[in-house]
Number of protein chains: 2
Amino acid sequence: MSDSKPQRAVGVRDVAALAGVSRQTVSRVLNDHPDVAPDTHARVVAAMEELGYRMNNAARALGTHRTRTIGVLASDALQYGPSRSMAAIEASAREAGYWLTAAFADSGDGASVTAAIEHLRGQAVDGLIVFAPHARTLDVLDALGTGIPTVILHAAERADFSVDQRAGARLAVATLADAGHERIAHLAGPRDWLEAEARTAGFAEELAARGLPQGPVFAGDWSPRSGHEAAADVIASGATAVFAANDQMALGLLGGLRAAGISVPQRISIVGFDDVPEAAYAWPPLTTVRQDFEELARRAVARVIARSGSGAGGRTGADAAADADRHAADPIAPVLVIRDSVVAPSA
Amino acid sequence: MSDSKPQRAVGVRDVAALAGVSRQTVSRVLNDHPDVAPDTHARVVAAMEELGYRMNNAARALGTHRTRTIGVLASDALQYGPSRSMAAIEASAREAGYWLTAAFADSGDGASVTAAIEHLRGQAVDGLIVFAPHARTLDVLDALGTGIPTVILHAAERADFSVDQRAGARLAVATLADAGHERIAHLAGPRDWLEAEARTAGFAEELAARGLPQGPVFAGDWSPRSGHEAAADVIASGATAVFAANDQMALGLLGGLRAAGISVPQRISIVGFDDVPEAAYAWPPLTTVRQDFEELARRAVARVIARSGSGAGGRTGADAAADADRHAADPIAPVLVIRDSVVAPSA
DNA sequence: TTGTAAGCGTTATCAT
DNA sequence: ATGATAACGCTTACAA
């Protein structure tokens, strides 16, 4: 009962008093202002230490109209790529002294995307990183108009930054073709997924570039199940090789082929996409295409911070500028990881 | 050029003016206060609509000392369990009108955990949900003392809420034993992971309960690679069955066994843990133990909100109370998913 | 280089 | 049931 004061948290006021300066000077120290005498600075810092001062972000945000928070709309965050991106984004953001507010959504469901965006806007984030694997996500975004710096990821050619999906697909097909395959099938991702379409386009392109016949395209949904189920179609098609749009489907296909008594790679060669941890230790180890999600995240965060920091904020002019160079950055090149699921065709 | 005003965002002030009431009344509507005349309420709501009013959370937080934000320290969020939990937590939080601020960390690295916690505290979150797969995370947490309602997850018996890891392991071993296996090996997760230890304990318990000899325990690191590498040891041990502490290792082991010419399940039966999507479509489809992460997330979010809402905030008294019933909630029962990787031993 | 004064948009307190 | 007024903790002018 020594003190009946309502336990007020220490604020700039207290620090200022202890250091014998004004609140404003404390604020200057807090914000690394150039014009503070070295020893004043030291005194303030010491006072902060002694009092265990912690900034109140709400108060700062109220004054500056910036929250140092980036919102991430992580659609389909359970997929391998998005989950990797998410973790990498957090690391980059934290390093830059930013916080991350996350919202998840099912990108196939427009309402869920809208809800997530609204949620994030309500949080007054300084910028947005949106995973838009699905074209519909982009439509919703355009319709809503976020009004703040926004970076689109996981949307193939329509993304602000991306790993070159088409190039990756061509790499995969090239591997198969180089091994001598001519009847190459494609196990595609969902048609309304931008990255799936880009991979399918790359598949067709590489085939065309080599004068090879267009192979059959089977529709999957990224899941191991769909890969498993596609096995019958693949066998029926007479293809000697398959480019699967992701590793999960490739793994499922592997199981399905095995179950049907078809040996891989002797009878059918397979190339996947993503290089999930399982890929290297499947039987046979899967040849696949790896994407650099860390680099993707780094670029995205840097861009959002730069945009929000330049003061332009949510002005429409800034948005136009953003649009202008949306496609400027070169896509990141994927790399082929060669393992044992590709050999020359047996016939 | 019609208006040179600096584009001030609409606030309660504007809404109040348009509705012909005071700011305080608008605030009451915003907070669902009981004492507002129905038609006043309607008028205010209409005004908000018309002006496109959006609450400023920073301002609200400044007044209330609460941010309606839950911090999530998602250690090892790339693992299957944590990533599932994360998504589920976000859903629960959003439903309750809360935001999520995420920080990721490598739970094995104390410094990274400390940094993440500090980061989150700086954000003034109302509560914390911490994934503490690693004992060290718990130690760091205790040493730091968060000062706010905190819920521990993914820490086996030391968690506030959990899926019963030991029971799950016993389920797995029981399946193997029921099939007639007597030489059962365990492919364990990292020893300093609490959930790995709990699964190993369950393994030993079930064996003991049945009067079966304790089988060999091989150390893995959750990765498919470690499962793959354990194949040789498993073969050398003469075990006819293996309980793998997670599906990724089980899948890697499957590949390793295959590569060594050992057929599964004919020669060696396997049970995994997690029921990852790949498990059902591996060859053979993997029998495994499924955890209900959604339920886990629901409970965690409910608890954090309840604790932070009761007003006790960061008082030590509340912390003591939290400790008191930390182990009160019954663990969630895992369920066995029977597929084709278990048969009777051949010998 | 440092200090003073005036907000930022909301909620809390006390009236009415 | 509603209003007036003072916080909340910080930052941005503007002054000195």
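As a basis for the values below, the full set of heavy atoms in this structure was taken, side chains included, without hydrogen atoms, waters or symmetry mates. Numbers restart at 1 for each chain; the letters A, B, ... are given by sequence-line order, proteins then strands.
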Report the C-alpha separation of B:Leu194 and B:Leu138 in whole Å, then their side-chain angles, then the decisive distance to 0.1 Å, and conclude whether the side-chain contact (heavy atoms from CB on, under 4.5 Å) test is met.
-> CA-CA 10 Å; B:Leu194 299 164; B:Leu138 250 20; 3.5 Å; yes

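The distance between atom NE2 of A:His65 and atom P of C:dT10, rounded to the nearest whole Å, is 11 Å. In this structure, B:Tyr53 atom OH and C:dG9 atom C1' are separated by 8 Å, rounded to whole Å. Distance A:Arg13 CZ to C:dG3 P: 16 Å, rounded to the nearest Å. Rounded to whole Å, atom C1' of C:dT11 lies 15 Å from atom CG of B:Asp32. As a whole-Å value, the separation of A:Leu62 CG from D:dT11 C1' is 10 Å. Straight-line distance from the CG atom of B:Asn56 to the P atom of D:dC10: 16 Å, rounded to whole Å. Separating the CG atom of A:Asp14 from the P atom of D:dC8 is a distance of 11 Å, rounded to the nearest angstrom.
Qualifying ring pair (Phe, Tyr, Trp, His ring centres under 6.0 Å) partners for A:His41, counting only residues two or more places apart in sequence or in other chains: none. Residues satisfying the side chain to side chain contact (heavy atoms under 4.5 Å, CB included) test with B:Val304, not counting sequence neighbours, are B:Ile70, B:Ile129, B:Val151. B:Ala91 pairs by the side chain to side chain contact (heavy atoms under 4.5 Å, CB included) definition with nothing, not counting sequence neighbours. The salt bridge (Lys or Arg N to Asp or Glu O under 4.0 Å) test applied to A:Arg60 returns no partner, not counting sequence neighbours. With sequence neighbours left out, the side chain to side chain contact (heavy atoms under 4.5 Å, CB included) criterion links B:Arg84 to A:Leu78, B:Tyr80, B:Phe293, B:Glu294. Under the salt bridge (Lys or Arg N to Asp or Glu O under 4.0 Å) criterion, B:Arg68 pairs with no residue, sequence neighbours left out.
An end-to-end axis angle of 30° holds for the helix from C:dT1-D:dA16 to C:dT16-D:dA1, taken from five base pairs per end and rounded to 10°.
Looking at residues 44-52 of chain B, you'll see that no heavy atom sits under 4.0 Å from any atom of DNA chain D.
Residue B:Glu50 places its CD atom among 12 or fewer non-hydrogen atoms of other residues, nucleotides or ligands, all under 6.0 Å distant.
Residue A:Thr64 places its side chain closer to D:dT12 than to any other of C:dT11, D:dT12, C:dG9.
In terms of phosphate contacts, A:Asn31 brings a side-chain nitrogen or oxygen within less than 4.0 Å of OP1 or OP2 of D:dT11. One finds no side-chain N or O of B:Asn57 lying less than 4.0 angstrom from the OP1 or OP2 phosphate oxygen of C:dT10.
Residues in residues 21-38 of chain B take part in no salt bridge (charged side-chain N to carboxylate O under 4.0 Å, His left out) pair, two or more places apart or across chains. Among residue pairs with one or both ends in residues 112-121 of chain B, those qualifying as salt bridge (charged side-chain N to carboxylate O under 4.0 Å, His left out) are A:Arg54-B:Glu118; sequence neighbours excluded. Residue pairs meeting the salt bridge (charged side-chain N to carboxylate O under 4.0 Å, His left out) criterion with at least one partner in residues 85-100 of chain A, sequence neighbours excluded, are A:Glu90-A:Arg94.
For the pair B:Ala58 and B:His33, nearest-nucleotide mapping onto DNA chain C gives the more 5' position to B:Ala58.
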Considering only nitrogen or oxygen atoms on both sides, find all protein atoms under 3.5 Å from nucleotides 2-6 of chain D and state each distance.
unit_1: D:dT2; atom_1: OP1; unit_2: B:Thr40; atom_2: OG1; d: 2.4
unit_1: D:dT2; atom_1: OP2; unit_2: B:Ala37; atom_2: N; d: 2.7
unit_1: D:dT2; atom_1: O4; unit_2: B:Arg28; atom_2: NH2; d: 3.4
unit_1: D:dG3; atom_1: OP2; unit_2: B:Ser22; atom_2: N; d: 2.8
unit_1: D:dG3; atom_1: OP2; unit_2: B:Ser22; atom_2: OG; d: 3.3
unit_1: D:dG3; atom_1: OP2; unit_2: B:Thr25; atom_2: OG1; d: 2.7
unit_1: D:dG3; atom_1: N7; unit_2: B:Arg28; atom_2: NH1; d: 3.4
unit_1: D:dG3; atom_1: O6; unit_2: B:Arg28; atom_2: NH2; d: 2.7

